[in-house]
Amino acid sequence: MDALQGSLRSLFGLDEFRPSQREVVEDVLAGRDVLCVMPTGAGKSLCYQLPAAMRKGLTIVVSPLIALMEDQVQQLRDEGLAAEMLNSSLPMAEQRRIAGELQRGYEGLLYVAPERFYASGFQPILKTLRPTFLAIDEAHCISQWGHDFRPEYARLGEARRLLGDPPAIALTATATDDVRQDIIRVLGLRGPSIFVTGFDRPNLLYESRQVPNGREKESQLLALLRQEPGSGIVYCATRKTVDAVAGTLAAALPGRPIIPYHAGLDAAERTANQERFMDAPDAVAVATNAFGMGINKPDLRLVVHYNIPGTLEAYYQEAGRAGRDGLPARCTLLFSYQDRYTHEFFITKMAEGNPDADPADMEARQQHAMRNLDLVIQYARTHRCRRQMILEYFGEAREVTECQCDFCRRGQDISPKALAHAIPLPVEVVTLVRQILSAIARLHGKFGIGVVAEVLAGSQSERTMRWGFDRLTVFGLLRAYSSKRIVSMLHRMMEAGLARQRDLVGVKFRPVMELTAIGIAVMKAEQPVPATLIDLLPRRSDRTNDGDNRPAKGNGASGATIVRQADKEEPLSPEQSRRFERLRTARMQLATDRQIPPYCICHDSTLRSIARLAPAQLQDLQFVKGMGPRKIGQYGQTLLDAMREDEPAEQTP
Ligand code: ADP
């Protein structure tokens, strides 16, 4: 054990330094200027308290929050260290006592609220003080880009000069580059050592799900909460949303404590709700960002953002309340692009709230707020590691490994669940997939693909009537589609791993169809629909193609969500259809290998054109719409090879 560690033990009773604490302390002891950026709870205080306790002389700590100041001073005194504070909440007699102490050469820590520096009574004393060093806590208050800008903080450079320009350490949990530059400039830090550390939270499973509308958000949220029995927070942008979501959850999850929290509730109710939340191990708080400050529930397993926050920093703070015990916890952002407009509305209203502000200044702040918002949206939509993106945002130079974010899980595992996260699926496709899966489920794994298709098509065949299938709620859900199209969709469910065929013992050639475990989860909206199904919905009617002469029934009300266009194309011949199916299989393989949705390889219409043209050579593909030179180079040969393959055996149930 070296001397520094010895002091850590003897003065603070702690065994080990946390990451970077030692280096910061060494630099402070060496008299260097330091900027220390660490998240809340990382242990910033020790970085100045230990050097203060180890050295003779006065250390001045500037801190904006009187309550925090009181706590810290009390804790230090409990450790037997000299600590005083000076702020406006103290009785005059106490303020005079401290002033007297200072004049007599007090040695130890002195916590000061920034406005004290400018109080006329304190100025003369201030000029006589020669602190060993100056610590500025919550230093982001210096910058007007920070969320807590305080004008008294902006003058701390002046105060530092009055104190004889001592070395300074600035500490904050906020550190976008512009805020950092402001801190350095305003305080006049000289070639400071900059430490950015502690933002990595490897136990958090960051994920973002793009959801098209409020209803889908609700169902995703319910699925998340059903999956996770532990305690969680659901953050919403407005009080109105809090009330609505809390109401929905309370109705859908009876027995689970659902606890609303926002600034519109009266103080007593807020306190009671907070206590209920702290006490119940399965409680879910539905809250605005007013909730969370000072909440320490280390075993929170889930933080869902029902709406995007305005900055990535706010997201990090709020999501970061999950998993403080170090065990895996999930941080899910339910992203819907419309949420952007709520923030934009508030940003445009900023000027109204500050009528005295300089217009140019206001415009700069609004632009800054917009950039922050764009970053959150970038985070929500990124196709790269979310944990890495957060570290880069804070400026922590560290390569993320073994990440559990949705993107990284997708990299290691191309299960439909993993694939689905990064790519938004149209709501029609999501509905369609769930309808198809429900039909498979309703037939309880007792019937083949043909019967499932008949039920979905609402076909009044002898067997559907005999079994009374016309009374099932799923009967005719897909009556807008031909039987052939429905059979093809059922095959897609199998390709995507949501369903499978199984041979019944003793029954030859009659495989039955059933859901896989993933299929069940997708049906119940516990898992998202795999992105590979993005092109499930046909662009054109195929009803004219397949000789299906069913009379159109009613107005197809249950299938009414499905948008269709008239088929203007010539139907494919049987041979062309088989080529088309082989091309689709090849496209699926290409898409799976590259982890991109099939439509990014090429559209169905392109495959149909290839199937019609049946090009003999690679260069003939240039005549196909949708096949540019790049695509021909990347995929052309694979597609041609697949098209020419021998016909596979027909799979009929
Ligand atoms: P911050 O100011 O970064 O939000 P604090 O300085 O309040 O965080 O520290 C958070 C907690 O971590 C405190 O309870 C503190 O005692 C504890 N702590 C700090 N450093 C260490 C350490 N090296 N070992 C153990 N606990 C520590």
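Start at 1 and go down the list; that is how both ligands and their atoms are numbered. Residues take their numbers from the sequence shown, with the count starting at 1.
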Backbone N/O of V186 and side chain of R160: donor-acceptor pair under 3.5 Å: no
Y111 versus S63, closest heavy-atom pair with distance: CD2-CB, 4.3 Å
Residue pair T172 / K44: nearest heavy atoms and the distance that separates them: O-CD, 3.8 Å
E363 atom CD: more than 12 heavy-atom contacts under 6.0 Å: no
Check ligand 1 for close polar pairs with the protein: N or O on both sides, less than 3.5 Å.
| from | atom 1 | to | atom 2 | distance (Å) |
| --- | --- | --- | --- | --- |
| ligand 1 | 3 (O) | A42 | N | 3.3 |
| ligand 1 | 3 (O) | G43 | N | 3.0 |
| ligand 1 | 3 (O) | K44 | N | 2.9 |
| ligand 1 | 3 (O) | K44 | NZ | 2.9 |
| ligand 1 | 4 (O) | G41 | N | 2.6 |
| ligand 1 | 6 (O) | K44 | N | 3.3 |
| ligand 1 | 6 (O) | S45 | N | 3.0 |
| ligand 1 | 6 (O) | S45 | OG | 2.7 |
| ligand 1 | 8 (O) | G43 | N | 3.2 |
| ligand 1 | 12 (O) | R18 | NH1 | 3.1 |
| ligand 1 | 12 (O) | R18 | NH2 | 3.3 |
| ligand 1 | 20 (N) | Q21 | NE2 | 2.9 |
| ligand 1 | 23 (N) | E16 | O | 2.7 |
| ligand 1 | 23 (N) | Q21 | OE1 | 2.9 |
| ligand 1 | 26 (N) | R18 | NH2 | 3.4 |

Side-chain polar contacts of residues 279-292 - donor-acceptor pairs under 3.5 angstrom, sequence neighbours left out - could you list them?
| from | atom 1 | to | atom 2 | distance (Å) |
| --- | --- | --- | --- | --- |
| T288 | OG1 | A290 | N | 3.3 |

Polar contact flag, side-chain donor to acceptor under 3.5 angstrom, Q338-S336: yes
